[in-house]
Colleague: 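Here it is, the structure, as structure tokens.
All heavy atoms count here, side chains included; hydrogens, waters and symmetry mates do not. The chains referred to below are lettered A, B, ... by the order of the sequence lines, with proteins before strands, and numbering in each begins at 1.
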Amino acid sequence: MNSPLESWLRRSVWTLAGVALACLLATRELPLPTVILTLTLFPVFLFFETRGRLRRMPWLETTGVLIFFAASAARFFVNREPFVVVVADFLVAFLLVKCAFQKSRGDLAQIVGLSFFVLLSASTLALDFTYLIGFFLYAAAAAWTLCLLTLTRGPVESVAETDRAAVLSRAGRVAWTTVVTVAVLGTGVFVVFPRLSYTVFRGDFLRPARQTGFSETVSLEESGRIFRSPRIAMRVESSLPVGGAWDGKLRGATLNHFDGSNWSARGPDDPPPALRRQRGRTLLESSFQIFHVDRKLLPATDRDAFLFQTIHLEELDTPLLFAAPWVQTVRLAAPAVDIGPDYSVSRPPRFRGRVSYRALSLLAPPNLAVSSRNRGAMKNSAPNPLTAVADPRSLQLPETLTRPDSPLAARIRQLLRRTVSRSDPPDAKIEKLTAFLRADRRAAFNV
Amino acid sequence: MNRFLLKLGFFPKRRSRSLKFTRLGWTAVALAFAVGLGALNTGNNLLYLVFGGVLGLILTSGLASETNLRGLDVDWIVPSETWAGAEARVRLLVRNAKTRAASLGLDATVSWEGRAPLSWHGRFLAVPAKSQRHADVLFTPPARGNYALNSVSISTEFPFGLFRKTKTFEREGSILVFPGLWKGAGIPMTGAGPEARRPTERGEGDSFWGVREFQPGDSLRRVSWKAAARVGRLVVTETERETADAVLLSFDPAGAWKSLPPRELEDAVSFAATLACRLLETGAAAGIVAAGRVLPPEASDRQKFRLLTFLALYDPDADPPWPIGAPGTARRVDVLSLWRSLR
């Protein structure tokens, strides 16, 4: 591959791969090791390529790709890592492996194809408009590269000077035409189709048009924040608890104020807490302690009776965060969380959009003091490692759910009417509700 | 209805454009569908954007390939003599009449229809605006005969290789392929070739015979002044008298030729062509008699063309276009007998 056209093709394929990788890195969703490896290896391979020092070793190339494939499959099936992130990692690794060796024309075509899938992967992870810049750059680079790929299909020994100018001029014009066409069509589809598809295509054939409640079948990370949807989508990744399957339920309630160290209930007229800004970014991952559990005091058999979950939520009509019933610690990129009187956790009122958080939960309910009388009794009893002091108000319905404008309020009230009576004491209500949710799993998921 | 619209000129008589998806093209279409379905299923706006991008790429490909083929014309320069089974070179020309846009990645194809299909294929990387480019193509005609122009087309996968668009030109034409030269044993020219030539003698002609001393009555124009200066006396050059042996290649009786299997017929025709060429090369006059019709012997390039044309189109079932005439005094050579004796 020594003709000028083939040399241009090689350079443009590198550019295309670079643009696709930049698109993916700009999503800021890739793990740090992947980012570091990409930013290090890609320029190194490019340097060796320009010096002609790359060697062709097909067996090593194939072995490398197979190893990365196996590792990705293990990450997805064993570690239960998010599919889109695993796929993105694998594509990056595949592309870097292809870049690491001497390339034939077939390899260059393969890199072009891989770069498209990298761009596709970036589209499933991107959350902001930086993707658009990369997308249009990619369109121009892809058009240019495909032009050269087509022109070098036959034997090309030498190109006359006039022909070279003609090729450059024409291919450049085609690239710009492509960008304009892609911009027009892409923008048209981008703006119009989601609106049309919402009612036209999302019927019974593909998926119910309106779905309430929670579902474990929706892949939340595969879609960005686009437009308001009535659907509540959620994914929960749970570690297997020690000693058998966990049949816990999802629950939540709210406190409404966190002052940085303590949680408290505030009145409806109190101003909502402002988001704190640090280093120019609004959100920082914080660790919120919900229960104070002294593990050292736990019996040996109960020390591992915790459930670790990574949960992804977005487009929720409710601020509630969902985890196992008894959340001990929540880590998420938010300045604050609201903790309900019953230790349920929710997002701050103004905090919307995608949420990804990790929760460490207790599998068994803590030994709560449910009333002032019990609180007095508890003071006299021996210290219990799972004891947490709760206000009697925690046994009341969370404030956010009782508000008339809360979308869940009606459903909660309906559920309560089915399970408890007004005359029941608060603790009996809780017991009945918990028993009902344990018995009827569908109700638990459709709250 | 269609015929009516055709008369009105709504439909062209023959489609001048055709489109065929390449493997990459089908892949792009499948990808577009997959991404579109994925976008519908997930509601991810950026997937919609990629979907639109792939559609834009396909649309641009269609527009650019159309521009690429517009204003093009194909022509060719063929050699004066083309022999069956012998490699020949043809020059394909592609002209771009567009004022601004160059045409890239062109494949020109000219195909002929005869006893066997024949086609020329040339690749052109770039034809700048208002210019032409050529490509020399080697080809080997498979059999003798007249080849009628079947199709002239120019196709391209530019810009993205998603599909191959072909523009077909309305043309008419033909090429004549002479029979292949005989590959059998050497042809003895007894009674037909140099051996049959009479001994040379002095006389009027162009070939040099010798020099002799000037004699009274010799024309001064025949004096060789250089030789005279060298020997010190007047000498004149003498020329060889031009004599032509007239041979009539006989293709009679036609029944014997008709009974030949096709392969042997072709071999015999090749033999006849080779014999005719040898005769003409050695200065003999050659003619043909077939079905009682005579092409009088003649020693000229034009006669060679006539003979080879006859042999290229020879069919024992058809009469030659010449009038019935007497064979004259020319020696008659039975081509079939001679061929059989040399096989």
Side-chain angles (χ1 to χ4, degrees), chain A residues 5 109 113 116 119-120 122-124 126 131-132 135 138-139 142-143 146-147 149-151 153-156 159-160 162-167 169-171 173-175 177-190 193-194 197-198 201-202 206-207 219 222-224 226-227 229 231, chain B residues 22 24 27-28 31-32 34-65 67-68 96 98 100-107 121-129 131 133 156-164:
Chain A
L5 269 189
F116 175 77
L119 182 84
L120 205 60
S123 76
T124 64
Y131 178 80
L132 289 183
F135 176 77
Y138 180 88
L146 283 174
C147 280
L149 205 60
T150 307
L151 291 177
R153 188 173 49 85
V156 182
V159 186
T162 51
D163 290 357
R164 186 183 301 186
V167 167
S169 158
R170 183 91 173 103
R173 202 176 300 174
V174 166
T177 310
T178 305
V179 171
V180 172
T181 317
V182 164
V184 171
L185 266 178
T187 308
V189 172
F190 182 78
F193 250 64
S197 69
Y198 186 67
F201 298 105
R202 284 197 179 180
L206 288 178
R207 190 175 288 180
S219 300
E222 290 175 8
S223 56
I226 307 161
F227 56 94
S229 163
R231 177 181 305 159
Chain B
T22 61
L24 180 64
T27 310
L31 267 179
V35 173
L37 277 179
L40 281 176
N41 199 35
T42 61
N44 184 347
N45 265 16
L46 294 182
L47 278 183
Y48 278 113
L49 186 68
V50 176
F51 173 60
V54 177
L55 291 185
L57 206 69
I58 294 173
L59 180 66
T60 309
S61 182
L63 294 173
S65 64
T67 312
N68 206 37
N96 182 3
K98 291 191 288 287
R100 292 181 65 188
S103 290
L104 309 182
L106 303 171
D107 291 305
H121 179 83
R123 180 164 171 76
F124 299 83
L125 176 67
V127 184
S131 64
R133 291 287 182 270
T156 184
E157 287 185 7
F158 186 81
F160 305 140
L162 301 183
F163 41 75
R164 174 169 286 275

Colleague: Considering only heavy atoms, which portion of B/L31 lies under 4.5 Å from any heavy atom of chain A: side chain, backbone, both, or neither?
Modeller: side chain
Colleague: Any heavy-atom pair between the side chains of A/T124 and B/L46 that's under 4.5 Å?
Modeller: no
Colleague: Looking at every heavy atom in both A/R170 and B/A64, which two are closest together, and how far apart are they?
Modeller: NH2-O, 3.2 Å
Colleague: By a 4.5 Å heavy-atom criterion (distance strictly below it), what part of B/T67 contacts chain A: side chain, backbone, both, or neither?
Modeller: both
Colleague: Taking the side chain as every heavy atom from C-beta outward, state whether B/L125 and A/L5 have any atom pair closer than 4.5 Å.
Modeller: yes
Colleague: Check whether A/R164 gets within reach of chain B through its side chain, its backbone, both or neither, counting any heavy atom under 4.5 Å.
Modeller: neither
Colleague: Identify which of B/G53, B/S61, B/G105 forms the greatest number of heavy-atom pairs closer than 4.5 Å to chain A.
Modeller: B/G53
Colleague: Could you have a look at A/F116, A/Y131, A/F135 and say which one has the most heavy-atom pairs with chain B under 4.5 angstrom?
Modeller: A/F135
Colleague: For chain B, which of A/A143, A/A109, A/A139, A/G113 has the most heavy-atom pairs under 4.5 Å?
Modeller: A/A143
Colleague: At a heavy-atom separation under 4.5 Å, does B/V54 approach chain A through its side chain, its backbone, both, or neither?
Modeller: side chain
Colleague: Has the side chain of A/T150 got a donor or acceptor atom that lies under 3.5 Å from a matching backbone atom of B/F158?
Modeller: no
Colleague: Just give me the residue among A/V182, A/T178, A/V167 that pairs up with chain B most often, heavy atom to heavy atom, under 4.5 Å.
Modeller: A/T178
Colleague: At what distance, to the nearest 0.5 angstrom, does CZ of B/F51 lie from CG of A/L120?
Modeller: 12.5 Å
Colleague: Any idea which heavy atoms bring A/A171 and B/L104 closest together, and the distance?
Modeller: N-CD1, 4.5 Å
Colleague: Drop me the distance from B/T60's OG1 to A/L185's CG, to the nearest 0.5 angstrom.
Modeller: 8.0 Å
Colleague: Check the pair A/L146 / B/L57 against side-chain contact (heavy atoms from CB on, under 4.5 Å), numbers first and verdict last.
Modeller: CA-CA 10 Å; A/L146 283 174; B/L57 206 69; 4.1 Å; yes
Colleague: For B/N68, is it the side chain, the backbone, both or neither that has a heavy atom under 4.5 Å from a heavy atom of chain A?
Modeller: both
Colleague: In Å, rounded to the nearest 0.5 Å, how long is the span from CG of B/D107 to CZ of A/R153?
Modeller: 5.5 Å
Colleague: Would you mind reporting whether B/V50 and A/Y138 have side-chain heavy atoms less than 4.5 Å apart?
Modeller: no
